[in-house]
Amino acid sequence: GQQLNQSPQSMFIQEGEDVSMNCTSSSIFNTWLWYKQDPGEGPVLLIALYKAGELTSNGRLTAQFGITRKDSFLNISASIPSDVGIYFCAPPAYSGAGSYQLTFGKGTKLSVIP
Amino acid sequence: NAGVTQTPKFQVLKTGQSMTLQCAQDMNHEYMSWYRQDPGMGLRLIHYSVGAGITDQGEVPNGYNVSRSTTEDFPLRLLSAAPSQTSVYFCASSYRGDNQPQHFGDGTRLSIL
């Protein structure tokens, strides 16, 4: 099966700093998704990437779909306390009969120090 | 519009007991799935369904059963609970296709003693 390596595993940053995290895979994907999970809640989709080389922004978040299609990057600019949570990459993989399954990375846990 | 609703939110079971975790969605999504999340791990797929009457196994299906009699509901059954099944369980739904984001419920926190 696909192997996803997400790094770093955790980050402690000062409020206002920029954050970078990435996800690499041994397999090629056609889509990369980034989710955020707030404490005690389910994951929520942040950004979806559909084309190699694509750079997409959502407010202070920017994500890139790697040219090799085996990696993706997520950046958060000017972090604020509500950015705290776990960030997951989750590229869909085809599982037959027109269906796709998400494979989740182990997540990057972000802590923001006010 | 409630989205994905999971019940109960918390549950404590004894080893060997059976239980059904409920999941319902009101978005007319064809695809529904169950994940478990353990400390330090990402979400791992247990079972999924691409439509009513169709289910399939994910990465960690052992010890769990599912059925999909309607589009809206996708219950997860533990027939004989084991301590290794202590986890947080998430249900998700989406339209079919790789460019369709999944919508997650808020989870069921299950402890098995």
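Atom CD in B/Gln102 sits 10.0 Å away from atom CG in A/Leu45 (nearest 0.5 Å). In this structure, the separation between OH on B/Tyr48 and CG on A/Leu102 is 12.0 Å, given to the nearest 0.5 Å.
With hydrogens and angles ignored, the 3.5 Å screen pairs no side-chain donor or acceptor of B/Arg44 with any backbone N or O of A/Thr103. For B/Tyr35 (side chain) and A/Phe104 (main-chain N/O), no donor-acceptor pair under 3.5 Å exists by modelled atom type.
Under the 4.5 Å side-chain heavy-atom criterion for Ile, Leu, Val, Met, Phe, Trp and Tyr, A/Tyr35 and B/Leu45 are members of the same hydrophobic cluster. Grouping the Ile, Leu, Val, Met, Phe, Trp and Tyr side chains by contacts below 4.5 angstrom, directly or via other members, places B/Val88 apart from B/Tyr64. The cluster map of Ile, Leu, Val, Met, Phe, Trp and Tyr, joined by side-chain heavy atoms under 4.5 Å apart, puts A/Phe29 and A/Phe73 in different clusters. Residues B/Tyr31 and B/Tyr89 are members of separate hydrophobic clusters, defined by side-chain heavy-atom contacts under 4.5 angstrom among Ile, Leu, Val, Met, Phe, Trp and Tyr.
The closest side-chain donor-acceptor pair between A/Gln101 and B/Glu59, if any, does not fall under 3.5 angstrom.
Residues meeting the ring pair (Phe, Tyr, Trp, His ring centres under 6.0 Å) test with B/Phe90, sequence neighbours left out: none.
Neither the backbone nor the side chain of A/Leu49 comes within contact range of chain B; no heavy atoms are under 4.5 Å apart. Only the side chain of A/Gln37 comes within less than 4.5 Å of a heavy atom in chain B; its backbone stays farther off. Both the backbone and the side chain of B/Leu43 come within contact range of chain A, each with at least one heavy atom under 4.5 Å from a heavy atom of that chain.
In this structure, A/Gln9 places its CD atom where only 12 or fewer heavy-atom neighbours from other residues, nucleotides or ligands lie under 6.0 Å away.
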